[in-house]
Amino acid sequence: MKEKSKKFKYFTYIRSKFDYIMKKILVTGGTGFIGSHTVVELINAGYEVVIADNLSNSKTGSLEGIEQITGVKAPFERVDLCDKVAFEALLKKHRSINAVIHFAAFKAVGESVEQPLKYYHNNLTSLINLLDLMPQYGIENIVFSSSCTVYGQPEQLPVTEQSPIQPATSPYGQTKQISETIIRDVVAASDRIKSIALRYFNPIGAHASALIGELPVGTPNNLMPFITQTAIGIREQLNVFGNDYNTPDGSCIRDYIHVVDLAKAHVTAVSRLMENRNKKPFEIFNLGTGTGVSVLELITTFEKVTGVKLNYRIVGRRAGDTEQVWADTSFANNELGWKTLSTLEETLLSAWNWEKRINNNG
């Protein structure tokens, strides 16, 4: 009887391990900057990953980097999630998906001001299609890639998850506010779908291997690749948008988080949902370092850690920019059991090593 009991316990243990390893996660926008780093962390944590992306702002080279880092070739589907028929074909092909991490969205503040309909169509249609298809394919969990832009220009700093949602300063920020509202309403109407929205502050940096990093298609819309591309000579000059803000040096202040630290938070969030450790069916967490750094401070620190002098100039303010914002991360630290580990210097150096590698200059 004891021998039989031991065999049963051993079988149960093996089955539980097998079930954990076989958890399948769909990562939309998975060849992008944050998506590719999250895929790496998911694979390292033992998850099976399916990557979906339309490659509108990324390249398939990140797939090679993911495979080199992890030793795993994750299946990739090139699909536009706004095409519901194509999206459903993906879900039919890859059955038994346990959760979705939804990155797929346009994300440039300035561009969204110039092309608002592009952002409303892509960012909202892809999410609606996903939420509509999830119940049909037994998918109950979604981690949503949100943003600190939902806070607009906060009345008080640092920003907590309870800070008031201010009017969005850009169509991009508006799409994130609307997306969170859509998810909240769908979760409230369903007894099966659960969600965590992760409000990012400003992801920068690259994987320590320099095999994946931020590689925008065309002209960068984010500050960090503009800095590294200027440093290496691809861009002649870096523009700093405004030095007349109400900040110590007049430039905007942001909370810059290493992309690997951010990626690890997604692994924590998705496991929280699948293991039913979430305390509410819809939860929100701020992901940042808890420290504000100005644009000019970022430039100075980059010059210090790399030894490269940047050619930059001060220009007028950019429409849609928030003056200053940084996170209160205590809720994420305590509730998720997650925190950032990288210093700003390490983060900037990783971005520079990535830039040098992709340009065969180091």
Side-chain angles (χ1 to χ4, degrees), residues 28-29 32-35 100-113 115-116 118-128 130-131 142-188 194-204 221-223 252-257 259 262 265-266 269 278 280-292 318-333 335-336 338:
T28 70
F33 175 43
I34 307 172
V100 179
I101 301 179
H102 185 52
F103 292 108
F106 296 142
K107 60 175 185 171
V109 169
E111 184 186 55
S112 77
V113 174
Q115 303 180 59
K118 174 182 177 179
Y119 275 68
Y120 286 119
H121 172 70
N122 181 76
N123 293 7
L124 300 181
T125 304
S126 59
L127 175 65
I128 291 169
L130 171 59
L131 291 170
I142 172 172
V143 174
F144 177 64
S145 167
S146 192
S147 168
C148 66
T149 57
V150 301
Y151 298 114
Q153 179 53 62
E155 295 176 352
Q156 292 185 327
L157 291 167
V159 175
T160 73
E161 288 80 357
Q162 286 72 45
S163 295
I165 302 298
Q166 304 290 347
T169 58
S170 69
Y172 164 69
Q174 189 81 280
T175 65
K176 292 301 184 183
Q177 289 186 2
I178 295 170
S179 293
E180 285 193 12
T181 300
I182 291 171
I183 294 171
R184 189 188 305 276
D185 289 344
V186 170
V187 167
K194 300 172 295 178
S195 179
I196 291 176
L198 300 176
R199 292 174 176 169
Y200 313 156
F201 281 68
N202 291 73
I204 60 173
N221 289 304
N222 294 333
L223 176 60
C252 291
I253 291 177
R254 297 290 183 268
D255 187 338
Y256 296 99
I257 178 175
V259 66
L262 184 68
H266 291 77
N278 52 303
K280 298 177 181 178
F282 181 53
E283 296 181 313
I284 293 169
F285 297 96
N286 287 341
L287 299 183
T289 66
T291 301
R318 181 176 60 178
D321 276 343
T322 301
E323 180 175 272
Q324 51 185 320
V325 63
W326 65 91
D328 180 334
T329 62
S330 56
F331 184 61
N333 297 157
E335 188 63 32
L336 280 181
W338 165 91

* pair Gln162-Asp328: side-chain heavy atoms closer than 4.5 Å -> no
* Structure fact -> The reported gap from OG in Ser195 to NZ in Lys280 (rounded to nearest 0.5 angstrom) is 13.5 Å
* Asked: Just by modelled atom types, is the Val159 backbone N or O under 3.5 Å from a matching donor or acceptor in the Asn286 side chain?
  -> yes
* **Minimal non-hydrogen separation, Pro203 against Phe33, with atom names** => O-CE2, 3.6 Å
* **Considering all heavy atoms, the nearest Val325-Cys148 contact** => CG1-SG, 4.2 Å
* Tyr200 side chain reached by Ile257 side chain, heavy atoms, under 4.5 Å -> no
* To do: Report yes if some heavy atom in the side chain of Thr291 is under 4.5 Å from a heavy atom in the side chain of Trp326; otherwise report no.
  => no
* To do: Just say parallel, tilted or perpendicular for the rings of Phe331 and Phe285, cut-offs at 30° and 60°.
  => parallel
* Determine the minimum heavy-atom distance between Ile196 and Ala269, stating which atoms define it. => CD1-O, 3.6 Å
* To do: Please round to the nearest 0.5 Å and tell me the distance separating atom CG of Leu127 and atom CD1 of Ile182.
  => 5.5 Å
* Measuring from Leu130:CG to Thr125:OG1, what's the distance to the nearest 0.5 Å? -> 12.5 Å
* Structure fact -> Note: Glu161 and Ile284 closest approach over all heavy atoms is CG-O, 3.5 Å
* Asked: Do Leu223 and Arg254 have side chains that get closer than 4.5 Å, going by heavy atoms?
  -> no
* Any side-chain heavy-atom pair from Asn123 and Lys107 closer than 4.5 angstrom? -> no
* Less than 4.5 Å apart, any side-chain heavy atom of Ile165 and any of Tyr151? -> yes
* What distance separates Tyr119 OH from Thr175 OG1, expressed to the nearest 0.5 Å? -> 8.5 Å
* Structure fact -> Shortest non-hydrogen pair, Pro154 vs Gln324, comes out as CD-O, 3.8 Å
* **side chain to side chain contact (heavy atoms under 4.5 Å, CB included) partner of Phe201, chosen from Thr329, Thr149, Asp255** => Asp255
* Gap separating the CZ atom of Arg199 from the OG atom of Ser146, nearest 0.5 angstrom -> 5.5 Å
* Asked: So, Thr289 versus Tyr256: side-chain donor-acceptor pair below 3.5 Å or not?
  -> no
Show every donor-acceptor pair shorter than 3.5 Å between a side-chain atom in residues 166-174 and any protein atom, with sequence neighbours excluded, or say none if there are none.
from   : atom 1 : to     : atom 2 : distance (Å)
Gln166 : NE2    : Glu155 : OE2    : 3.4
Thr169 : OG1    : Gly320 : O      : 3.0
Ser170 : OG     : Gly173 : N      : 3.1

* Asked: Does the side chain of Ser112 come within less than 4.5 Å of Lys118's, by heavy atoms?
  -> no
* Asked: Hey, is the main chain of Gln153 close enough, under 3.5 Å, to the side chain of Glu323 for a donor-acceptor pair?
  -> no
* Quick one: CD1 on Ile142 to CD1 on Ile101, what's the gap to the nearest 0.5 Å? -> 10.0 Å
* For residues Glu283 and Leu336, determine if any side-chain heavy atom of one lies less than 4.5 Å from a side-chain heavy atom of the other. => no
